There are 2 protein chains.
Amino acid sequence: MTVVALKAQTAERVRGVAAMLEEEIVLGWLMPRERLIEEELAERLAVKRHVVREALAELERVGLVERVPNRGAFVKLLDPVEVRQIYLVREALETLAAEQISLSAPDELLLRLEEIQGAHSAAVASGDARAAFRANMAFHEALFAACGNPHLVELIQTMAQKVHGARSITAASAEHLSRARDEHFGMIEAIKAGDRDQLVALCRQHLGPSRDAYIAAVEPRFVRAKSTGA
Amino acid sequence: MTVVALKAQTAERVRGVAAMLEEEIVLGWLMPRERLIEEELAERLAVKRHVVREALAELERVGLVERVPNRGAFVKLLDPVEVRQIYLVREALETLAAEQISLSAPDELLLRLEEIQGAHSAAVASGDARAAFRANMAFHEALFAACGNPHLVELIQTMAQKVHGARSITAASAEHLSRARDEHFGMIEAIKAGDRDQLVALCRQHLGPSRDAYIAAVEPRFVRAKSTGA
DNA sequence: TTCGGCATAATTGTTGACAATCCTGTTGCC
DNA sequence: GGCAACAGGATTGTCAACAATTATGCCGAA
């Protein structure tokens, strides 16, 4: 318990910067098409340009930003077609995981989920979008980690990250947040009751709303853009 | 069609170096636990250290290499438990993809698959492990790309990469290579016949042998290592 | 006005030198 | 002989200057 966690090395700082930028994208602070200038970010986040550079590369791999050589990085605007494809895969992966969550000895899991959900509910009640986002991530990570296959969990997180750019629409919406809260409680109940079908069904339904909200918000623009020809 | 493809930028060179190292690992040139020294690789591959550095970071993300801060990178020795978990996920993903491959208008696909498989068969016949490996990758990429969901394809490739370190055992084995060749032809036939169940079954079976070979080869060592306590 | 070319500024890409860290073999002390 | 402290070398991590590229604004000519 020493307080000497100082001197983080580059790799960790890169993750930190990437996470920070990711949050700002999810919360709508950084909008699609917005330019991300290395030096500017470096100064704002109090790190060297080198670190920002790697963080941007990471976000590019994940699919949250786009980078063109010698021209820099932008927040990526997700194509609804892509979003649909990603959600299809997410559904398959999360269903697979939900089917493998052990329902026999879930005491520790339940405790942890309820604790996280407490934080989530509080964040929703107080309208703290950032805290809600973090608690939401933690909830899903804890839930799916219970499937026992870390590689599957990793894939689930990767795919979730990919559509984070599509979540600024729902991330601050009171309606969506409270719906998510209710569904989380439903999942906890399903685990308590040992009702696997219910759990799987809830996980699947849980994905729909934010996907649909994004597509409804963005599809018209895309159709227009394509018919306009640019 | 200008021949001016020169001046690749860092990002591409990184991919190149990573691919090179990956091949050397798969083919058993680089063995597990072997140290990967940045400067040494930089000289051998005629790139700057910086490029090697990023390539190693990438291979670490993928799971082929392990890196500890200030100590460098090693070829990762895969734990059989992990290998089993990864193959479980691979089975799910590849089944999912195989179920979505369109069997209605497969002419172009069949042509491409047969062309690639020609190369694969030739490589197997001549015992060229590297060419066989490349053709094998190309075959699976072309096959699964036909599922129409690029994000699913990406995931499949990611998971395949993860166990590349476990393939040095089968990558040069004539027995395994010819078995793979026969199974590839089987898949082509299944697509021709429009027999989806057969195609899915073949994809699933196709995964087993190399997994089992690795586990059989390595598990004893791991059991011993663990019971020995180190 | 509008267009093409040119100078300038803004930004990214690359490099090599330097600093920090860790392993190894050795010395000196108990 | 065994062990701790200590140099020396090998390797990785950090940085800031420099080079290369692209965008922008300006000017003059048709």
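Naming: A, B, ... by sequence-line order, numbering from 1 per chain. Not measured: the values here are computed from a predicted model. Every heavy atom of this structure was used, including side-chain atoms; hydrogens, water molecules and symmetry mates were not.
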Tell me the interatomic distance from [X], atom [atom1], to [N], atom [atom2], rounded to whole angstroms.
X       : N      : atom1 : atom2 : answer
B/Glu38 : C/dG16 : CD    : C1'   : 15 Å
A/Lys48 : D/dA17 : NZ    : P     : 10 Å
B/Ile37 : D/dG9  : CD1   : P     : 17 Å
B/Glu39 : C/dG16 : CD    : C1'   : 11 Å
B/Glu54 : C/dT15 : CD    : P     : 12 Å
A/Arg49 : D/dA19 : CZ    : C1'   : 12 Å
B/Arg13 : C/dG13 : CZ    : P     : 12 Å

Worksheet item: 5'-most contact on DNA chain C: B/His50 or B/Pro69, nearest heavy atom basis?
Response: B/His50

Worksheet item: Which sits closer to the 5' end of DNA chain C, A/Leu56 or A/Gln9, going by the nucleotide each is nearest to?
Response: A/Leu56

Worksheet item: Looking for any heavy atom pair under 4.0 Å, which part of the strands does B/Leu36 touch: base, sugar-phosphate only, or nothing?
Response: sugar-phosphate

Worksheet item: Can you find a side chain N or O atom of A/Arg71 that sits less than 4.0 Å from OP1 or OP2 on C/dT12?
Response: no

Discussion item. Counting only side-chain nitrogens and oxygens, does A/Arg53 get under 4.0 Å of the OP1 or OP2 atom of C/dG13?
Written reply: yes

Practice prompt. Return the nearest nucleotide to the side chain of B/Asn70; candidates are C/dG13, D/dT12, C/dT15.
Written response: D/dT12

Worksheet item: Picking from C/dT15, D/dT12, C/dT11, which would you name as closest to the side chain of A/Arg35?
Response: C/dT11

Discussion item. Exactly one of B/Glu66, B/Glu34, B/Glu82 should register a salt bridge (Lys or Arg N to Asp or Glu O under 4.0 Å) with B/Lys76. Which one does?
Written reply: B/Glu82

Discussion item. For the backbone of B/His176 and the side chain of B/Ser173, can you confirm whether one donor and one acceptor N or O come within less than 3.5 Å of each other?
Written reply: yes

Discussion item. Nearest 0.5 angstrom please: A/Arg84 CZ to A/Glu219 CD, how far?
Written reply: 4.5 Å

Worksheet item: Considering all heavy atoms of both residues, which atom of A/Leu27 and which atom of A/Ser168 are nearest to each other, and what is their separation?
Response: C-CB, 4.4 Å

Practice prompt. Starting from the C-alpha separation in whole Å, work towards a yes-or-no answer on side-chain hydrogen bond (donor to acceptor under 3.5 Å, both in side chains) for B/Gln117 and B/Ser121.
Written response: CA-CA 6 Å; B/Gln117 188 46 39; B/Ser121 299; 3.2 Å; yes

